[in-house]
Amino acid sequence: MVVIGYFDGVHKYHQQILNQAKNLALKKNQPFVFITFDQKISAFLQKTSQDLISPATKQALIAQYQPSAYLELKVNQALTNYHSLDFIH
């Protein structure tokens, strides 16, 4: 089970998604993989900063869910050029 998103603030809806994904992964005996970005794509494109929490705080909050893997992708021009379906593949 893979979750992908920026997860700024890890608010209650993010927590629901993470709990559901982790429970599904456990139920299906699959790894629980967390993929995030080093910044919001919209912030990169607008050349602004919109962080609600620090990367270290986000990583600590996500660690509580004990993902099998934690990946943080660097947002750059090449990443923003991907079509969403190409990114998933």
Side-chain angles (χ1 to χ4, degrees):
M1 177 61 53
V2 177
V3 293
I4 302 173
Y6 184 62
F7 292 92
D8 55 336
V10 192
H11 55 69
K12 71 177 185 175
Y13 296 112
H14 289 153
Q15 293 168 22
Q16 287 177 357
I17 291 168
L18 293 168
N19 281 320
Q20 288 177 357
K22 180 170 182 163
N23 290 336
L24 186 58
L26 289 171
K27 182 179 177 181
K28 294 187 172 213
N29 197 30
Q30 295 179 345
F32 171 49
V33 178
F34 183 88
I35 300 175
T36 191
F37 305 93
D38 69 338
Q39 63 180 304
K40 281 186 176 181
I41 292 174
S42 61
F44 172 80
L45 294 172
Q46 297 169 6
K47 298 181 181 4
T48 63
S49 177
Q50 301 173 357
D51 293 339
L52 298 176
I53 59 174
S54 72
T57 300
K58 177 166 59 171
Q59 210 167 21
L61 290 169
I62 298 306
Q64 296 174 25
Y65 294 89
Q66 301 176 319
S68 306
Y70 180 98
L71 302 161
E72 183 177 275
L73 303 177
K74 178 158 182 57
V75 176
N76 56 29
Q77 194 61 49
L79 183 72
T80 64
N81 288 337
Y82 276 99
H83 184 277
S84 58
L85 293 177
D86 292 332
F87 176 80
I88 291 170
H89 289 273

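- Following chains of ILVMFWY side-chain contacts shorter than 4.5 Å, one cannot reach Ile17 starting from Met1, and the two form parts of different hydrophobic clusters.
- Residues Asp51 and Tyr6 are in side-chain contact: their nearest non-hydrogen atoms beyond the backbone lie under 4.5 Å apart.
- No side-chain heavy atom of Thr36 sits less than 4.5 Å from a side-chain heavy atom of Leu71.
- Under a cut-off of 6.0 angstrom, the local environment of CZ in Phe87 is crowded, with over 12 non-hydrogen atoms contributed by other residues, nucleotides or ligands.
- Atom CD of Gln20 and atom NZ of Lys27 lie 12.0 Å apart (nearest 0.5 Å).
- In terms of heavy-atom proximity, Pro31 sits nearest to Ser68 at CA-OG, 3.4 Å.
- Scanning both residues, Phe32 and Leu18, for their nearest heavy atoms gives CZ-O, 3.9 Å.
- Cluster membership for Leu26 and Val2, using ILVMFWY side-chain heavy atoms within less than 4.5 angstrom, is not shared.
- Listed here is the closest heavy atom pair of Val3 and Ala21: CG1-CB, 3.4 Å.
- Counting heavy atoms from C-beta outward, Pro67 and Ile62 have side chains that approach closer than 4.5 Å.
- Residues Phe37 and Ile4 are in side-chain contact: their nearest non-hydrogen atoms beyond the backbone lie under 4.5 Å apart.
- Atom-to-atom distance recorded for Gln15:CD and Leu61:CG is 8.0 Å, nearest 0.5 angstrom.
- Distance check, rounded to the nearest 0.5 Å: CG of Leu52 to CG of Asp8 gives 4.5 Å.
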Report task. Take Asn19 and Tyr65 through the test side-chain contact (heavy atoms from CB on, under 4.5 Å) and record every step on the way to the result. Result -> CA-CA 8 Å; Asn19 281 320; Tyr65 294 89; 3.3 Å; yes
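- Ring orientation note: the planes of His14 and His11 are close to parallel, at an angle under 30° on the 30°/60° scale.
- Within the structure, salt bridge (charged side-chain N to carboxylate O under 4.0 Å, His left out) pairs that include any residue of residues 56-79 comprise Asp38-Lys74 (at least two apart or interchain).
- Rounded to the nearest 0.5 Å, atoms NE2 (His89) and OG (Ser84) are 9.0 Å apart.
- A donor-acceptor contact shorter than 3.5 Å is absent between the side chain of Asn29 and the backbone of Ala25.
- Of all the heavy atoms in Leu79 and Asn76, the pair that sits closest is N-OD1, 2.8 Å.
- When every heavy atom of Gln39 is checked against every heavy atom of Val75, the shortest pair comes out as O-CG2, 3.2 Å.
- Between Phe34 and Phe7, the distance from one ring center to the other falls under 6.0 angstrom.
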